[in-house]
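Down below is the structure, laid out as structure tokens.
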Amino acid sequence: MAKKWYPVVDVLTCVECGTCVGFCPNGVYDKTKAPSPLVVNPVNCVDHCHQCGNRCPVGAITYVGDDTGWIPPVLREKGGMPDTTPNCGCSCGCGGSCG
Ligand code: SF4
Ligand code: SF4
């Protein structure tokens, strides 16, 4: 288990889907607070594990101690930037909320 490796959730980006909380098998997140991702046992995190971050749909998870150059897959696919393309298919600038 890691002493200097654990997940940090960007609460402004997180949509509280609960994926990370439900996935981690090591009790790093408090499952009683699901779907909110509350890190309660950071020492249980496995050194160099990115599995919860790989599953986060919005790229809200990074890791203390990460020197690997890892980028959340959802951001990697967009060239390292969050996808702000409207999903309603229009170009009104609503950010996807008008549909
Ligand atoms: S990085 Fe791995 S061990 Fe650490 S919280 Fe995420 S799933 Fe659990
Ligand atoms: S997987 Fe990502 S969006 Fe979902 S609860 Fe965890 S940090 Fe938040």
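Indexing begins at 1, ligand by ligand and atom by atom, following the structure's order. All residue numbers refer to positions in the sequence shown, counting from 1. The model shown is predicted, which means the values in this text are computed figures rather than measured ones.
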Does any part of the side chain of His48, heavy atoms only, come nearer than 4.5 Å to the side chain of Asp67, both counted from C-beta?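 The answer is yes; the side chains approach within 4.5 Å.
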
4.5 Å side-chain heavy-atom contact, Pro7 and Cys20: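 When only atoms from C-beta onward are counted, Cys20 and Pro7 do not touch, as no gap falls below 4.5 Å.
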
Would you say the side-chain atoms of Asn41 pair up with the backbone N or O of Val43, donor to acceptor, closer than 3.5 Å?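 No, Asn41 side chain to Val43 backbone: no donor-acceptor pair under 3.5 Å.
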
Under 3.5 Å, is there a donor-acceptor pair between the side chain of Asn26 and the main chain of Val28?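 No, the answer is negative, given that no donor and acceptor are paired below the 3.5 Å cut-off.
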
For residues Asp47 and Trp5, report the shortest heavy-atom separation together with the two atoms involved.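 Looking at all heavy atoms of both residues, the closest pair is OD1-CB, 3.5 Å.
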
Minimum heavy-atom separation for Val39 and Tyr29, please, with both atom names.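 Taking Val39 first and Tyr29 second, the nearest heavy atoms are CG2-CE2, 3.8 Å.
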
Residue [X] vicinity, atoms of ligand 2 by number, heavy atom under 4.0 Å:
| X | value |
| --- | --- |
| Val58 | 3 (S) |
| Pro35 | 5 (S) |
| Cys14 | 3 (S), 5 (S), 7 (S), 8 (Fe) |
| Gly18 | 4 (Fe), 5 (S) |
| Ile61 | 7 (S) |
| Val9 | 7 (S) |

Around atom 2 (Fe) of ligand 1, list the protein N/O/S atoms within a radius below 2.8 Å, excluding water molecules.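 Result, waters dropped: Cys49 SG.
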
Once you restrict to heavy atoms under 4.0 Å, what part of Glu16 touches ligand 2? Side chain, backbone, both or neither.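 For Glu16, the contact with ligand 2 is made by the backbone alone.
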
Quick one: nearest non-hydrogen protein atom to [atom], plus distance?
| atom | result |
| --- | --- |
| atom 6 (Fe) of ligand 2 | Cys20 SG, 2.3 Å |
| atom 4 (Fe) of ligand 2 | Cys17 SG, 2.3 Å |
| atom 2 (Fe) of ligand 2 | Cys56 SG, 2.3 Å |

I'd like a table of donor-acceptor pairs (distance under 3.5 Å, sequence neighbours excluded) in which one partner is a side-chain atom from residues 30-38, with atom names and distances.
from, atom 1, to, atom 2, distance (Å)
Asp30, OD1, Thr32, N, 2.9
Asp30, OD1, Thr32, OG1, 2.6
Asp30, OD2, Thr32, OG1, 3.3
Lys31, NZ, Val21, O, 2.6
Lys31, NZ, Cys24, O, 3.4
Ser36, OG, Glu16, OE1, 3.4
Ser36, OG, Glu16, OE2, 3.2

With a heavy-atom distance limit of 4.0 Å, tell me whether Tyr6 approaches ligand 1 through its side chain, its backbone, both, or neither.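 Looking at Tyr6 and ligand 1, no heavy atom falls under 4.0 Å.
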
Name each donor-acceptor pair under 3.5 Å that joins a side chain in residues 52-64 to protein atoms two or more places apart or in another chain, with its distance.
from, atom 1, to, atom 2, distance (Å)
Asn54, OD1, Trp70, NE1, 3.0
Asn54, ND2, His50, O, 3.3
Arg55, NH1, Gln51, O, 3.1
Arg55, NH1, Gln51, OE1, 2.7
Tyr63, OH, Gly53, N, 2.8

Output the list of atoms in ligand 1 that are nearer than 4.0 Å to some heavy atom of Tyr29, sorted by atom number.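 By the 4.0 Å cutoff, the relevant atoms are 5 (S).
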
Heavy atoms only: which of Thr19, Val21, Val15 lies closest to atom 3 (S) of ligand 2?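 That would be Val15.
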
